[in-house]
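What follows is a set of notes on a single structure, which appears directly below.
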Amino acid sequence: MMGRLVLEVSDLWVRYPRGDWVLRGIDLQVNRGEQVLVIGDTGSGKTTLARAITGLAKTIYECDVKGRILLSGMEVDGMHCEVLSRHVALVGQNPYLYFIEPLVGDDLYGYALKVHCDGRLASDAFNKVVDAMGIRRLTERFFFEISGGEARRALVAKAIISNASLLIFDEPLMWLDDRGVEDFVDLLEMLRRLERTVMIFEHRFVPLLKRVDKVYVLKDGKLADVTSRALTTFEKLSHQLPHGFYFEKKTGKGDLLLEAKDVYFKYDAKGDYLLKGIDLQLCRGDVVLIYGLNGQGKTTLLKILAGYLKPHKGKVLRRGSVLYIPQNIALFYTESTIEKEVVEVFKAWRMKTKAKVGLDVVRGLNIDPLSSPFSLSHGQMVKLAVGLAFALDVDVLLLDEPFSGLTYDDRLKLLELLYQSNSAVVVATSSLDATEAPYWTKLYKLEEGRLVEMRAIEKASLIRASRLYRELVGVESA
């Protein structure tokens, strides 16, 4: 299956305008049919490497690029973008941004026509790829109506139409629930059968570890092959009890801050209720997890608790300040610089004189206050938003999928921060990774509109995954 060299990177150096070198002498070879996983800290240069391979680092981001990148033996430097797009396909974190036509079928056929310049050839290519990817049922649907996993599968079909020699996935598991992760793993198996070459840049890498051929760590601008060590360490940790991180069981402090009583909600007046008879009490010091697959109403429930939506039946009583941090973390930010953002946030909370506390949070995260909040990575945006929430001393903090875009180590640190908080915290998540019992006062599952209490999952993997990440990347234990 393998043999022909698809990607060859030699002594690659990349830096952004007025910046220091992000990549410092990268060497990499990927053969046909190989599936390669790249992990590393937020800001380590994973996205920069993807941009360099796809030619975007130089053409769009005006980076200084030294070294050689060959795709199927051809130099990326100087290759026309339309020609390059037929050799390498990038499937980004938000797959919905890559559609041109509203109907999935029209988008795929239009692309096939652009590639083949002939109606008959385009139809043949379209039909073959639709059947091969098992997405015939999606062709009559609008792209904004399908799930993230389905959208990603359609984009892979697009890449196969162009016969791209390399597929690059940037954080493909972000925002996917546990079922969606399984679907992506199935997609990788399908691509392996089709002998497609794949590179994956992912923080949530454990579900992929045994599925890929190579594992690399990107650190300090260098790329290191850790394949053997990753598998050995993973097996070792799988048979160990996760001692060393546990605290005493978290308990609330009795001061009732928010209460939902028999809450019902539906978006369509003629449709079924999405939420049915929700009861929830939040006391100061509570840290509550709400687990559920995508589409079960977790975001809707948080918006109701925050006051952005009104229940159709029932009521929500708030006895303190409430802050909601959305899943799409970019929606939390509005200003041109982080410094302005902090000032406006504290002003809105009538705490303008204490904005210096918020700026201390920014500096503590090693973030430039004069930079744009939209220049931050997803993980940095999450860390900053949570830090500002605690600086504001909010009574109730509602977090929608806060672990997305974070390394396992950062997820654990965030969980420990929430554990130590004096606020009432609710975390909505579609993954069971973080259900280690001592961190939570209560765990709930939202399913078919009902909120039911659940027990901790004994084999929850966040602590082990964090240890694995630390060993591979060389992060010192806290």
Side-chain angles (χ1 to χ4, degrees), residues 22 39-47 93 170-171 173-175 201-205 218-219 245 287 289 302 323-335 337-346 349 354-394 396-423 425-429 431 433-434 439 462-463 465-466 469-470 473 475-478:
V22 178
I39 66 175
D41 283 345
T42 298
S44 62
K46 298 187 299 298
T47 298
Q93 296 174 4
D170 186 12
E171 297 281 352
L173 304 188
M174 181 181 283
W175 299 346
F201 297 86
E202 179 59 62
H203 286 306
R204 188 182 172 188
F205 61 85
L218 184 56
K219 184 180 181 182
F245 280 98
V287 184
L289 179 139
L302 292 191
L323 179 63
Y324 167 66
I325 297 180
Q327 174 180 353
N328 187 351
I329 191 63
L331 299 177
F332 185 81
Y333 299 95
T334 59
E335 304 301 319
T337 70
I338 293 170
E339 184 176 59
K340 290 181 181 178
E341 191 76 50
V342 172
V343 170
E344 289 302 314
V345 166
F346 276 76
W349 284 72
K354 295 185 178 180
K356 181 182 180 300
V357 179
L359 292 174
D360 288 341
V361 171
V362 174
R363 296 187 185 93
L365 293 170
N366 295 317
I367 294 172
D368 180 3
L370 299 181
S371 63
S372 166
F374 303 104
S375 68
L376 302 177
S377 69
H378 185 94
Q380 287 174 314
M381 285 186 175
V382 172
K383 292 178 186 179
L384 179 56
V386 173
L388 292 179
F390 288 134
L392 291 167
D393 196 26
V394 298
V396 180
L397 179 59
L398 307 174
L399 299 169
D400 196 354
E401 297 285 1
F403 302 125
S404 295
L406 298 182
T407 67
Y408 288 117
D409 197 43
D410 282 337
R411 292 178 185 207
L412 191 59
K413 288 176 181 176
L414 174 59
L415 197 47
E416 292 171 359
L417 181 64
L418 300 179
Y419 173 92
Q420 295 161 7
S421 165
N422 196 42
S423 304
V425 179
V426 178
V427 173
T429 178
S431 171
D433 289 349
Y439 292 105
L462 182 57
I463 290 174
S466 176
Y469 179 80
R470 289 178 176 184
V473 179
V475 178
E476 293 296 326
S477 297

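Separating the CE atom in M381 from the CD1 atom in I338 is a distance of 8.5 Å, to the nearest 0.5 Å. In this structure, L218 CG and T47 OG1 are separated by 10.0 Å, a value rounded to the nearest 0.5 Å. Residue R363 holds its CZ atom at 9.5 Å from CG of D368, rounded to the nearest 0.5 Å. Expressed to the nearest 0.5 Å, how far NZ of K46 lies from CD1 of I39 amounts to 9.0 Å. In this structure, CD in Q420 is found 9.5 Å from OH in Y439, a value given to the nearest 0.5 Å. Considering CG of L370 and NZ of K340, their distance stands at 10.0 Å, rounded to 0.5 Å.
The shortest side-chain heavy-atom distance between R411 and D433 falls under the 4.5 Å cut-off. Under the 4.5 Å side-chain criterion, counting only non-hydrogen atoms from C-beta, V382 is not in contact with D410. Side-chain contact between E335 and V345 is absent, with no heavy-atom pair separated by less than 4.5 Å. With a 4.5 Å cut-off on side-chain heavy atoms, I325 and P402 do not count as touching. Taking the side chain as every heavy atom from C-beta outward, Q380 and T42 approach each other to under 4.5 Å.
Residues passing the ring pair (Phe, Tyr, Trp, His ring centres under 6.0 Å) test with F332: none are found, sequence neighbours excluded. Qualifying salt bridge (Lys or Arg N to Asp or Glu O under 4.0 Å) partners for R204, counting only residues two or more places apart in sequence or in other chains: D178. For Y324, the side-chain hydrogen bond (donor to acceptor under 3.5 Å, both in side chains) criterion is met by D400, not counting sequence neighbours. With sequence neighbours excluded, the residues that form a side-chain contact (heavy atoms from CB on, under 4.5 Å) with T334 are E341. Applying the side-chain contact (heavy atoms from CB on, under 4.5 Å) test to A391 and every residue at least two apart in sequence or in another chain returns F346, V357, V361. Shown here are the salt bridge (Lys or Arg N to Asp or Glu O under 4.0 Å) partners of D170, two or more places apart in sequence or in another chain: there are none. Residues forming a salt bridge (Lys or Arg N to Asp or Glu O under 4.0 Å) with K356 (at least two apart in sequence, or on another chain): D360. Every residue two or more places apart in sequence or in another chain that forms a side-chain contact (heavy atoms from CB on, under 4.5 Å) with L417 is listed here: V386, F390. S404 pairs by the side-chain hydrogen bond (donor to acceptor under 3.5 Å, both in side chains) definition with nothing, not counting sequence neighbours. Every side-chain contact (heavy atoms from CB on, under 4.5 Å) that V394 has, sequence neighbours left out, goes to S321, L323, W349, A389, L392, L397, S423. Partners of E339 according to the side-chain hydrogen bond (donor to acceptor under 3.5 Å, both in side chains) rule, which considers only residues two or more places apart in sequence or in another chain, do not exist here. With sequence neighbours left out, D393 forms a salt bridge (Lys or Arg N to Asp or Glu O under 4.0 Å) with no residue at all.
Here the closest heavy-atom approach between residue V425 and residue S421 is recorded as CG2-OG, 4.2 Å. Minimum heavy-atom separation, L289 to A434: CD1-O, 4.0 Å. Considering every non-hydrogen atom in both L331 and P326, the closest pair reads CB-CG, 4.2 Å. Across all their heavy atoms, K383 and L406 have their closest contact at CE-CD2, 4.2 Å. Heavy-atom minimum distance, A355 versus V342: O-CG1, 3.6 Å. Annotation for S466 and D409: closest pair OG-OD1, 3.2 Å, computed over non-hydrogen atoms.
Ring orientation note: the planes of F205 and Y469 are tilted relative to one another, at an angle of 30° to 60°.
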